[in-house]
Amino acid sequence: MNSDRRQIVVREIEHWRRSKLLPDQYCDFLLNLYADQDMDSQSSRSPGGSSHARKAVAAVQQATGMQWFLTFGTFTLISFVVFYFSVFHPLLQIGAIVLGAVVLLWLGQRLRRHNEAAGLAITGIGMLLLLGGGLFMFSLHEISLWWNQVALLGFCALLWITYGIKAHIPVLHLCGWITSILVYAWLLSHYTGEAKWYEIQLYWLPLACLFGWGSWFIHRWRKAVSAVLFVTCALVWFMPELYAMLFSEDEIIAWLQLQLIVKIAVGGGLLFLMRKKWMVWIV
């Protein structure tokens, strides 16, 4: 088969792959039969040759002028935004951050269909772009009010929880709850001042019970969400001791070891007594 006809067949096979007319393994097999012989010989001689490398080389060879223009235009636009971000109007800065995060989330969701790890990595970068971009804007415009940072963290926590549940990403869901716990601790430290040891326990233990009840209530429909709520419940159970260590006076800190031992014993006893129930919630 001559080179022109081979290229036509290869483009048709790639069209079948994009249109999901054939499974990927069948398309790989056909590409190995009809791909350019020179490219196959080079990939076979190289120790790192793989189907992914052959796909990349084939994509570069078959790219049209418009695809090259869009690729380099996109990189040029990203470079322009990065270099001149500080001189943009604040509304334009917010728009650039939000647009970049939306594009990364969309790209991550598409990549997850083929490569779960790569898709989750791109999604994580998109979420961190919102948080990091917001904090950078506060620093750039010298906005040092603490409640602005609390509002940004609260918004990111709510977004991570919502998107993590909707997109079935338990790690992102858990990160959202951990961030919300940090926001709650920050608000307590700012508005409550010095508190007694029993008051600190009352600040947190009802939340732990609420998360535990939520884990039981949700497990009938969403086991992954139930597992995340159960882990969050365990974290909040020990938050009074961590909060006291960071924000309380020395007299309370002196009793932290005893409190922690008692909390471990009580928590372990509850887990043992209810093991037949909570294991059903999260497994």
Side-chain angles (χ1 to χ4, degrees), residues 7 9-36 39-40 42-64 66-79 81-82 96-133 156-157 159-179 222-225 227-228 231 282-283:
Q7 290 297 327
V9 173
V10 168
R11 285 196 295 268
E12 189 66 24
I13 296 172
E14 291 293 344
H15 172 71
W16 294 345
R17 183 200 301 277
R18 291 191 299 269
S19 304
K20 302 297 182 181
L21 297 177
L22 283 178
D24 289 344
Q25 57 268 27
Y26 293 162
C27 295
D28 291 338
F29 175 75
L30 293 175
L31 283 175
N32 290 332
L33 290 178
Y34 292 103
D36 188 76
M39 185 182 66
D40 288 343
Q42 291 175 4
S43 62
S44 62
R45 285 196 300 269
S46 62
S50 62
S51 60
H52 295 289
R54 289 194 295 271
K55 293 176 186 177
V57 173
V60 171
Q61 289 182 344
Q62 300 168 16
T64 63
M66 180 58 68
Q67 291 173 332
W68 279 95
F69 175 78
L70 291 176
T71 300
F72 283 97
T74 301
F75 280 110
T76 302
L77 178 61
I78 293 174
S79 301
V81 171
V82 171
I97 293 173
V98 173
L99 179 61
V102 170
V103 170
L104 288 173
L105 293 180
W106 173 79
L107 183 60
Q109 194 64 21
R110 293 200 61 178
L111 284 177
R112 286 184 64 197
R113 303 172 187 174
H114 309 287
N115 190 324
E116 183 73 13
L120 291 179
I122 297 298
T123 301
I125 294 174
M127 292 298 184
L128 291 177
L129 177 62
L130 284 176
L131 178 59
C156 290
L159 177 63
W160 295 350
I161 292 171
T162 305
Y163 192 86
I165 294 175
K166 180 176 177 57
H168 303 283
I169 307 177
V171 175
L172 184 61
H173 180 193
L174 179 60
C175 289
W177 283 120
I178 293 175
T179 305
R222 300 286 293 273
K223 288 294 182 67
V225 176
V228 170
V231 173
I282 63 176
V283 177

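Note that these values count all heavy atoms, side chains included, but never hydrogens, waters or copies made by symmetry. Because the structure is a prediction, the values reported are computed rather than measured. All residue numbers refer to positions in the sequence shown, counting from 1.
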Can you run down the side-chain hydrogen bond (donor to acceptor under 3.5 Å, both in side chains) pairs that involve residues 116-126, sequence neighbours left out, and say none if there aren't any?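 Of all non-adjacent pairs touching residues 116-126, those that pass side-chain hydrogen bond (donor to acceptor under 3.5 Å, both in side chains) are Arg112-Glu116.
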
[X] and [Y]: which non-hydrogen atoms are nearest, and at how many Å?
X: Tyr163; Y: Leu105; answer: OH-O, 3.7 Å
X: Gly126; Y: Ala101; answer: O-CB, 3.6 Å
X: Leu129; Y: Leu104; answer: CD2-CD1, 4.1 Å
X: Ala157; Y: Gly176; answer: CB-O, 3.4 Å

Return the [atom1] to [atom2] distance between [X] and [Y], rounded to the nearest 0.5 Å.
X: Leu130; Y: Ile125; atom1: CG; atom2: CD1; value: 13.0 Å
X: Met127; Y: Thr179; atom1: CE; atom2: OG1; value: 11.0 Å
X: His173; Y: Ile178; atom1: NE2; atom2: CD1; value: 10.5 Å

For Leu107, check side-chain contact (heavy atoms from CB on, under 4.5 Å) against everything at least two apart and list the hits. Leu111, Ile122

